[in-house]
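Starting from 1, each residue takes its place in the sequence as its number. Model, not experiment: these values are computed from the prediction.
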Amino acid sequence: MPIAKNINIRQKESHTSHLALSDLKKGVKARVLDIIPPESDLVRLMAMGVCRGRIINIQKDSNPLIVKVYNSKIGISKELAKRIIVELC
């Protein structure tokens, strides 16, 4: 069962893949490793709870991407999600 575009279960278990948040499919959990958008977007993402080390769950994998952070769901454009680097949990 694919968990992201071109990623299979074996890669998930090894934790060797770093992906863009935009590549993940619905139901996948990931840990934020880095955020590389413009400063204004970084501040806004952090205010919504998306920051390094945070575990997020993909709720909807279209545009916008809907992610669950703690008990909140937020929408992130695919363009911005491409700049959020994650590792699978």
Side-chain angles (χ1 to χ4, degrees):
M1 174 176 139
I3 55 173
K5 297 172 188 152
N6 301 319
I7 303 298
N8 61 32
I9 299 273
R10 185 180 335 164
Q11 288 172 315
K12 178 185 177 196
E13 294 170 352
S14 70
H15 296 281
T16 58
S17 279
H18 294 170
L19 305 164
L21 182 62
S22 61
D23 292 334
L24 301 183
K25 299 231 181 210
K26 181 180 177 180
V28 174
K29 287 186 180 180
R31 175 177 288 110
V32 177
L33 296 178
D34 201 6
I35 304 172
I36 44 179
E39 175 109 11
S40 60
D41 290 333
L42 178 60
V43 171
R44 191 172 53 210
L45 285 169
M46 291 178 71
M48 292 187 290
V50 179
C51 54
R52 287 186 186 131
R54 192 64 43 99
I55 302 293
I56 56 178
N57 188 319
I58 308 303
Q59 301 290 300
K60 181 180 163 202
D61 58 6
S62 60
N63 195 11
L65 194 71
I66 304 297
V67 299
K68 187 172 182 180
V69 182
Y70 289 123
N71 289 324
S72 298
K73 291 181 182 178
I74 59 172
I76 301 173
S77 72
K78 281 279 192 176
E79 220 29 65
L80 183 56
K82 289 177 184 177
R83 297 170 171 262
I84 301 171
I85 308 304
V86 298
E87 69 180 350
L88 302 174
C89 295

#### Entry: Connected via hydrophobic side-chain network under 4.5 Å: Met46 and Val69
yes
### Query
Do you know the tightest heavy-atom contact between Ile58 and Lys25?
CB-O, 3.4 Å
### Message
If I compare all heavy atoms of Val86 with all of Val32, which pair ends up nearest, and what's the gap?
### Response
CG1-CA, 4.0 Å
### Interatomic spacing from CD1 in Ile56 to CG in Leu21 - rounded to 0.5 Å
4.5 Å
### Query
Is any side-chain heavy atom of Leu24 less than 4.5 Å from a side-chain heavy atom of Val67?
no
### Task
For residues Pro38 and Arg83, report the shortest heavy-atom separation together with the two atoms involved.
CD-NH1, 4.4 Å
## Note on the structure
Residue set satisfying salt bridge (charged side-chain N to carboxylate O under 4.0 Å, His left out) with Lys60, at least two apart, ordered chain then number -> none
### Summary
What one should report as the nearest heavy-atom pair of Lys82 and Ser22 is CG-OG, 3.2 Å
### Message
Do Met48 and Leu42 sit in one hydrophobic cluster, given that two such residues count as connected whenever their side-chain heavy atoms are within less than 4.5 Å of each other, even indirectly?
### Response
yes
### Summary
dist Leu88:CG -> Arg31:CZ (nearest 0.5 Å) comes out at 10.5 Å
### Task
Check for a donor-acceptor pair, side chain of Asp34 on one end and backbone N or O of Ile85 on the other, with a separation under 3.5 Å.
no
### Message
With a 4.5 Å cut-off on side-chain heavy atoms, are Cys51 and Leu45 touching?
### Response
no
### Query
Can you name the closest pair of heavy atoms from Cys89 and Ala30 and give their distance?
SG-C, 3.6 Å
#### Entry: Exercise: identify the closest heavy-atom pair between Ala81 and Leu65
CB-CD2, 3.9 Å
### Task
Look at atom CD of Gln59 and say whether more than 12 heavy atoms of other residues, nucleotides or ligands are closer to it than 6.0 Å.
yes
## Note on the structure
Rounded to the nearest 0.5 angstrom, the CG-NZ distance for Asn57 and Lys26 is 10.0 Å
### ILVMFWY cluster, Leu19 and Ile35 together (side-chain gap under 4.5 Å)
yes
### Task
For Asp41, enumerate each residue passing the salt bridge (charged side-chain N to carboxylate O under 4.0 Å, His left out) test, keeping only those at least two apart in sequence or located in another chain.
Arg44
### Task
Supply the atom-to-atom distance Glu87 CD to Ile55 CD1, rounded to the nearest 0.5 angstrom.
8.0 Å
